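Note that the structure is predicted; figures quoted are calculated from it, not measured.
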Amino acid sequence: MNSYEKFILAAVAICIVGPLMEELIFRGWLFQRLIATKLGPFGAVGISSILFTLFHFQYQQILPIIVLLIYSIILGTIRLKTANVNYTIIAHMTSNSYVLFAPVWFH
């Protein structure tokens, strides 16, 4: 497998598969379970955002973790306001694509 093929596979994983699975888990299944508890909508956004951030704890510095938590709260708020996980899937795919391709586009 050449480097171009590896890049395409990585791009599909980072820009499509990862965001799809993460959103279905954190702002789909988990969010739906949490919102039905005493925690309500704010608890659902908060807890799913914290767990999402902990899931991405591979970052060694605090700033990326804080940014990720804020971004996750934004996605949770989108999920809450629209009652539709599809919007968070699209937002997550878009942001991951930007992070991956920005160095190429703006080089």
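- Counting only heavy atoms from C-beta outward, the side chains of F26 and L51 approach each other to under 4.5 Å.
- I73 and Y87 sit in two unconnected hydrophobic clusters of ILVMFWY residues. Membership requires side-chain heavy atoms under 4.5 Å apart, directly or through other members.
- Across all their heavy atoms, L34 and G43 have their closest contact at CD1-O, 4.5 Å.
- The hydrophobic clustering, which links ILVMFWY residues whose side-chain heavy atoms are closer than 4.5 Å, places I70 and I65 apart.
- Side-chain contact check for V17 versus M21: some heavy-atom pair is nearer than 4.5 Å.
- Both L20 and V85 are members of a single hydrophobic cluster when ILVMFWY side chains are connected at heavy-atom separations under 4.5 Å.
- Put simply, F52 and V45 are part of the same group of oily side chains (I, L, V, M, F, W, Y) that touch within less than 4.5 Å, one to the next.
- To the nearest 0.5 Å, atoms CZ (F31) and OG (S49) are separated by 8.5 Å.
- For F42, the CZ atom is loosely surrounded, since the number of other residues' heavy atoms within 6.0 Å does not exceed 12.
- Here the straight-line distance linking atom CG of L24 with atom OG1 of T88 works out to 8.0 Å at 0.5 Å rounding.
- The minimum heavy-atom distance linking C15 with M93 is given by the pair O-CG, 3.1 Å.
- Other residues, nucleotides and ligands place more than 12 heavy atoms under 6.0 Å from the CZ atom of F101.
- For Q32 (side chain) and W29 (main-chain N/O), no donor-acceptor pair under 3.5 Å exists by modelled atom type.
- The shortest side-chain heavy-atom distance between E23 and N86 does not fall under the 4.5 Å cut-off.
- For the pair G76 and R27, the tightest heavy-atom approach, listed with the atom from each and the gap, is N-CD, 3.6 Å.
- Follow the hydrophobic side-chain contacts under 4.5 Å out from L68 and you reach I47 in the same cluster.
- At most 12 non-hydrogen atoms from other residues, nucleotides or ligands lie less than 6.0 angstrom from CD of Q61.
- Side-chain contact between I78 and N84 is absent, with no heavy atoms from C-beta onward closer than 4.5 Å.
- Partner of L69 under the side chain to side chain contact (heavy atoms under 4.5 Å, CB included) criterion, out of I50, I74, L54: I50 alone.
- Looking at I16 and N96, their side chains never come closer than 4.5 Å, going by heavy atoms from C-beta outward.
- Rounding to the nearest 0.5 Å places OG of S95 at 11.5 Å from CG of L100.
- Two residues are said to be in side-chain contact when any heavy atoms from C-beta on lie closer than 4.5 Å; T53 and Y71 fail this criterion.
- Side-chain N/O atoms of R79 and S48 include no donor and acceptor closer than 3.5 Å.
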